Amino acid sequence: MSKDPENIGQVMRVAASFGARFELTPDGPLSADSIPARPKGKKLKPVAGDFVRARPLRGEKDWQIEEVLERASALDRTDTRGRRELLAANVSMMAIVLAPQPQPDLFIADRYLAAAELMPCKAAIVWNKSDIAPPDAELEDYRALGYDVVNVSTKNTDGIDALREIMRGELSILVGQSGVGKSTIVNTLSGGDIQRTGSVSGANLEGRHTTVSARLIMLDTDIQVIDSPGVRDYAPGLIEPRAVAQGFREIHSAAAGCRFADCMHRAEPDCEVKARVSSGEISDRRYRSYLRLAQINRQLGADRY
């Protein structure tokens, strides 16, 4: 816990947030030693991973958060009204977890990858529950694009060491659909039961939400992870329409060969992106994923651009 020479508060880390309540820590883990805190004013909205300045309140257990320090990165999403919601801060690695149950939605995975490219931060695909089924063949598309793809099983710990090495030296966030086993992965990495876990339920094998807020956990001296709530859908925060392609490595690269600098890769002539889709050099599914995100961006942000 570092002291400010001007006595304007101590720099701490946000380990968890629960509405207007927060848990602070000097090191990252959410533990019995975490310090309860509340913000000074409604405009301060820290999230897990944030560095903040805080000071103890006289006669109370709570500390008061007085300032959110500059963020190196920010993971956000767009809600159904087109509003930006911040999810985590200072993330340097995004681990997108997929599993055979619930049925993997690669379009959601693509949108998380787009968010990682736009932040920017490193990203990897984690195929969990590999003891149940081998990874989807389409995951090779991600490997071909340069993303790490790790197959893990929390039942027999296959791939856990490989995942640990990818996360070493990073502040990682585990993201993905509800029920893919993010919290179970955290528990396996830690060798204990840090996070509450659940099971896939229902006739359609949809996941249950067991993590209700993002939590920053120290797994090792140089491995920190944020376990985030599962989702049914996801779209990164709204951006300028032509910037959507930057979230797709292969499309952004091919765009340099398009006839028009402002090509959106839909109906424009001499579009190099569409040419590579036709030749199979760019995955048709990834191209459709780009179009979906561009459409979401237009629908939710039509009055902004």
Side-chain angles (χ1 to χ4, degrees), residues 29-30 88 91-113 116 121-212 214-232 234 285:
L30 187 71
V91 170
S92 59
M93 164 62 74
M94 186 186 300
I96 301 153
V97 183
L98 301 167
Q101 297 174 353
Q103 183 175 345
D105 188 330
L106 298 186
F107 290 104
I108 291 178
D110 288 337
R111 292 197 283 273
Y112 273 121
L113 285 176
C121 75
K122 300 176 185 177
I125 300 291
V126 179
W127 179 262
N128 192 24
K129 308 181 188 179
S130 60
D131 53 291
I132 296 177
D136 191 301
E138 286 194 82
L139 297 194
E140 287 304 312
D141 289 340
Y142 297 127
R143 200 188 304 274
L145 292 170
Y147 295 109
D148 284 316
V149 179
V150 186
N151 303 330
V152 304
S153 168
T154 56
K155 296 292 185 182
N156 55 34
T157 70
D158 284 352
I160 292 297
D161 286 343
L163 178 58
R164 185 179 283 112
E165 287 309 306
I166 288 175
M167 298 170 69
R168 192 171 301 282
E170 311 287 353
L171 172 55
S172 303
I173 185 167
L174 296 180
V175 297
Q177 296 163 256
S178 302
V180 293
K182 297 184 296 297
S183 295
T184 304
I185 289 174
V186 170
N187 289 341
T188 304
L189 286 165
S190 70
D193 292 325
I194 295 175
Q195 290 287 72
R196 188 168 69 89
T197 62
S199 58
V200 175
S201 66
N204 57 0
L205 297 178
E206 289 188 345
R208 291 174 174 167
H209 296 278
T210 53
T211 300
V212 296
R215 292 191 173 199
L216 171 61
I217 302 161
M218 182 74 77
L219 296 178
D220 202 340
T221 55
D222 59 350
I223 300 179
Q224 300 176 81
V225 61
I226 295 175
D227 185 14
S228 68
V231 301
R232 298 273 166 79
Y234 170 79
R285 189 200 61 76

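Everything numeric here is computed off the predicted structure, so don't read it as measured data.
- Between Y234 and Y112, the two ring planes are parallel [angle under 30°; tilted spans 30° to 60°].
- With a 4.5 Å cut-off on side-chain heavy atoms, D148 and I125 do not count as touching.
- With hydrogens and angles ignored, the 3.5 Å screen pairs a side-chain donor or acceptor of R164 with a backbone N or O of L189.
- In this structure, the side chains of V186 and I217 come closer than 4.5 Å at one or more pairs of heavy atoms.
- In this structure a side-chain-to-backbone donor-acceptor pair under 3.5 Å is present from S190 to N187.
- A donor-acceptor pair under 3.5 Å links the side-chain atoms of S228 to the main chain of L174, judged by distance alone.
- Taken from OG in S130 to CG in D158, the straight-line distance is 5.5 Å, to the nearest 0.5 Å.
- In this structure, the separation between CD on Q224 and CD1 on I226 is 8.5 Å, given to the nearest 0.5 Å.
- N128 is not listed as a side-chain neighbour of L98, based on a closest heavy-atom distance of 4.5 Å or more.
- Within the model, atoms CD of E140 and CG of L145 stand 11.0 Å from one another, a figure rounded to the nearest 0.5 Å.
- Side chain of K129 to main chain of Q101: a donor-acceptor pair is present (N/O by atom type, distance under 3.5 Å, no hydrogens or angles).
- A donor-acceptor pair shorter than 3.5 Å can be found between the side chains of S153 and D131.
- Side-chain contact between R285 and D110: present, with at least one pair of heavy atoms (C-beta onward) separated by less than 4.5 Å.
- Using a 4.5 Å heavy-atom cutoff, the side chains of Y147 and I96 are not in contact.
- Scanning all heavy atoms of the two residues, the minimum distance from P100 to A133 falls at CB-CB, 3.8 Å.
- The two residues A116 and K122 have their closest heavy-atom pair at CB-O, 4.4 Å.
- Rounded to the nearest 0.5 Å, atoms CG (L216) and CG (D227) are 11.0 Å apart.
- No option in V150, D136, V152, V180 other than D136 meets the side-chain contact (heavy atoms from CB on, under 4.5 Å) test with W127.
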Checklist entry - Run the side-chain contact (heavy atoms from CB on, under 4.5 Å) check on L139 and L106 step by step: do they pass? => result CA-CA 9 Å; L139 297 194; L106 298 186; 4.0 Å; yes
Checklist entry - Checking salt bridge (Lys or Arg N to Asp or Glu O under 4.0 Å) for the pair R168/D222: CA distance, chi angles, key distance, verdict? => result CA-CA 6 Å; R168 192 171 301 282; D222 59 350; 2.9 Å; yes
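- Between the D105 side chain and the I108 main chain, a donor and an acceptor come within less than 3.5 Å of each other.
- Results of the side-chain contact (heavy atoms from CB on, under 4.5 Å) test with M93 over L171, I166, I173 single out I166 as the only residue that passes.
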